[in-house]
Amino acid sequence: MATALKNLSEYDAATIPSGKGRCFVIVVAEWNAQVTNAMAEGAIKTLKENGVEDDDILVCHVPGTFELTYAAARYTYGSLLVNGNREADAVICIGCVIQGETRHFDFICEGVANGLSALNAEGDIPVIFGVLTTDNLQQALDRAGGRLGNKGVEAAVTALKMVQYVK
Ligand code: DLZ
């Protein structure tokens, strides 16, 4: 795997466009909260380090990863606004699905991947796939501020790069 023994979350700030004046929504799944909250913290820190103001970041929660699509769609199509009056420039979706004994894992992963892909294809703003799909909790913790970095940081970097394409 590409992530073996390498922290992929390290980035060169000089290569990241400033997010100043841009508005971001971070939707966080409550399932595996130890993991998703750490990823959300990484995303928030990264946005702020790259020029985004506190008031321009909205963090909201949904029960599970499967529900990320619904919330992201509300912000993508403007039926929900940030702080009551601003349209989001990008939505960062954060979730963690851990393999269990049944096929539920597959349906959640496929559902959210297809749902967020459809939003990217059809909506006007980028929707970032910050979803871990792991075999166990340790693999998730390794990628949520552990030895392999923080995928929340990477999701925020991706969002900062993608908002360049938003009018
Ligand atoms: C039901 C379920 C299961 C078994 N596992 C996870 C998981 O590992 N990560 C996650 O984010 N959510 C899980 N869920 C909940 C689903 O995402 C969803 O909230 C429910 O199926 C209700 O739609």
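If you read the sequence from its start, that first residue is 1, and numbering goes on from there. For ligands, and for the atoms within them, numbers begin at 1 and follow the listed sequence.
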Can you report which non-hydrogen protein atom sits closest to atom 18 (C) of ligand 1, along with the distance? Glu67 OE1, 3.4 Å

Give the atom numbers and elements of ligand 1 that come within less than 4.0 Å of a heavy atom of Val97. 7 (C), 8 (O), 9 (N)

So, Lys167 and Asp124, do they make that salt bridge, N to O below 4.0 Å? no

Under 3.5 Å between some N or O of ligand 1 and some N or O of Phe66? yes

Atoms in ligand 1 with a heavy atom of Asn32 nearer than 4.0 Å: 7 (C), 8 (O), 9 (N)

Report the nearest protein non-hydrogen atom to atom 1 (C) of ligand 1: residue, atom name, distance rounded to 0.1 Å. His104 NE2, 3.4 Å

Give, for atom CG of Leu141 and atom CD of Gln34, the distance between the pair rounded to the nearest 0.5 Å. 5.0 Å

Students should be able to answer this: which protein heavy-atom is nearest to atom 9 (N) of ligand 1, and at what distance? Cys96 O, 2.8 Å

Could you walk me through whether Arg143 and Asn150 pass the side-chain contact (heavy atoms from CB on, under 4.5 Å) check? CA-CA 5 Å; Arg143 292 160 176 79; Asn150 187 329; over 6 Å; no

For ligand 1, is any non-hydrogen atom under 4.0 Å from Ile108's backbone (N, CA, C, O), its side chain (CB onward), both, or neither? side chain

Where is the nearest protein heavy atom to atom 10 (C) of ligand 1: which residue, which atom, and how far? Trp31 CB, 3.1 Å

Residues Asp54, Lys48: salt bridge by 4.0 Å N-O rule: yes

In the structure I gave you, are the side-chain heavy atoms of Tyr75 and Leu58 within less than 4.5 Å of one another anywhere? yes

Identify which one of Val157, Ile92, Val153 satisfies the side-chain contact (heavy atoms from CB on, under 4.5 Å) criterion when paired with Leu47. Ile92

Check Glu49 with Lys45, please: is the shortest side-chain N to carboxylate O separation under 4.0 Å? yes

Considering only protein heavy atoms, which is closest to atom 11 (O) of ligand 1, and at what distance to one decimal place? Thr65 OG1, 2.6 Å

Nearest-contact summary for atom 8 (O) of ligand 1 - protein heavy atom, Å: Ile98 N, 3.1 Å

